[in-house]
Amino acid sequence: MAATPKVLVLNGPNLNMLGLREPAVYGRTTLKEIEEACVADGKRLGLAVTCHQSNHEGELVTWIQQARGTAGGIVINPGAYTHTSIAIHDALAAVELPTIEVHLSNIHKRESFRHLSYVSKVATGVIAGLGVQGYLLALLALAERLNPTTEA
Ligand code: DQA
C-alpha cells in the first residue's frame, strides 16, 4: 500500500487569535478547531496533516523549507505576511510543492493593501472568503493531486 502523503497546514501572524479576533470578519471558530477539522478531514482524504502557527516570518520560512522532501503539499494562510513577505514567496518557490493559499476573508473585497499577494504568485491555487471551509477545500484539492483516487 502507498504511504499516506503528508500535508503541512501553516497559519501566520494573529491567526492564533481566531475566535476572539474581529469575529465579524474572521468568524468565531478558533485556530484549534480549524486544526482539528484539518486533521480529521485529512484522515478521511488519506492525508497525514500536521499543523503549525507562528507570528514570526522566519519560523514560517523554516517550516516551508523543511517540507521539501518530507511533505507532499502545503496549505498556507500567511495572514498579513501574504501582502509583504518576499521571504515566504521565495521559500515556497524553492520547495516546489503543490501549495494552496487560503484566506478566511475575501481579501479582494477589503482594503486595497490586502489585494496584493506575493504568495499567490507561487501558489498552485488560492481560496479566499469561504471561512473555515477554505482549509477543507484546500485539503481536497491536494488530496486529488497526491491521492489520485480520492473523491470528495
Ligand atoms: C487573512 C487576510 C489577511 O489580510 C489578514 O492580514 C489576516 C487574515 C484571512 O485569513 O482572511 O491576518 O489572511
Side-chain angles (χ1 to χ4, degrees), residues 5-45 47-68 71-146 152:
K6 292 189 175 60
V7 167
L8 204 57
V9 174
L10 296 179
N11 281 287
N14 298 307
L15 293 165
N16 55 316
M17 296 193 67
L18 287 175
L20 300 172
R21 175 190 182 200
E22 298 182 81
V25 178
Y26 298 116
R28 296 224 173 254
T29 309
T30 64
L31 181 62
K32 185 168 179 280
E33 289 165 340
I34 290 175
E35 291 180 343
E36 284 169 358
C38 286
V39 171
D41 255 50
K43 210 170 270 175
R44 192 174 61 75
L45 293 166
L47 301 172
V49 171
T50 303
C51 303
H52 298 294
Q53 184 275 332
S54 180
N55 294 323
H56 302 278
E57 187 176 20
E59 197 163 24
L60 292 161
V61 167
T62 298
W63 284 324
I64 294 167
Q65 289 178 2
Q66 288 169 350
R68 192 184 170 110
I74 298 175
V75 174
I76 183 164
N77 180 348
Y81 289 142
T82 305
H83 320 296
T84 61
S85 180
I86 298 170
I88 290 176
H89 166 285
D90 286 356
L92 289 169
V95 297
E96 296 178 325
L97 289 171
T99 297
I100 313 294
E101 175 185 352
V102 172
H103 300 284
L104 292 154
S105 64
N106 180 351
I107 54 176
H108 301 289
K109 255 193 192 172
R110 301 181 62 196
E111 303 95 322
S112 59
F113 62 81
R114 295 185 204 276
H115 297 174
L116 170 72
S117 167
Y118 287 102
V119 171
S120 295
K121 298 181 189 302
V122 287
T124 310
V126 183
I127 300 171
L130 299 181
V132 179
Q133 190 188 28
Y135 290 85
L136 307 179
L137 292 171
L139 289 173
L140 177 62
L142 287 180
E144 287 188 355
R145 279 163 180 76
L146 302 172

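When a ligand or atom number is given, it counts from 1 through the structure's own listing order.
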Under 3.5 Å: N/O of [X] near N/O of ligand 1:
X	result
Leu104	yes
Thr82	no
Ala80	yes
Arg21	yes

Could you tell me how the ring of His83 sits relative to the ring of His103: parallel (under 30°), tilted (30 to 60°) or perpendicular (over 60°)?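 Rings of His83 and His103: parallel, as their planes differ by under 30°.
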
Any idea which atoms of ligand 1 are less than 4.0 Å away from a heavy-atom of His83?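 This gives 3 (C), 4 (O) as the contact atoms.
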
Is ligand 1 under 4.0 Å from a heavy atom in the side chain of Ile107, in the backbone, in both, or in neither?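 Contact part for Ile107 vs ligand 1: side chain (C-beta onward).
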
If you look at every heavy atom in [X] and [Y], which pair is closest and at what distance?
X	Y	answer
Ala67	Leu8	CB-CD2, 3.8 Å
Ala80	Pro13	N-CG, 4.2 Å
Ser105	Val25	CB-CG1, 4.0 Å

Shortest protein contact, [atom] (heavy atom only):
atom	value
atom 5 (C) of ligand 1	Arg114 NH1, 3.3 Å
atom 11 (O) of ligand 1	Ser105 OG, 2.6 Å
atom 1 (C) of ligand 1	His103 ND1, 3.7 Å

Can Thr82 and Glu101 be counted as having a side-chain donor-acceptor contact under 3.5 angstrom?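 The criterion, which ignores hydrogens and geometry beyond distance, is not satisfied for Glu101 and Thr82.
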
Would you tell me whether Asp41 and Tyr135 have side-chain atoms, one donor and one acceptor, within less than 3.5 Å of each other?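 Side-chain D/A pair, Asp41 to Tyr135: absent.
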
So, do Val7 and Ile74 sit near enough that their side-chain heavy atoms are less than 4.5 Å apart?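 Val7 vs Ile74: side chains apart.
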
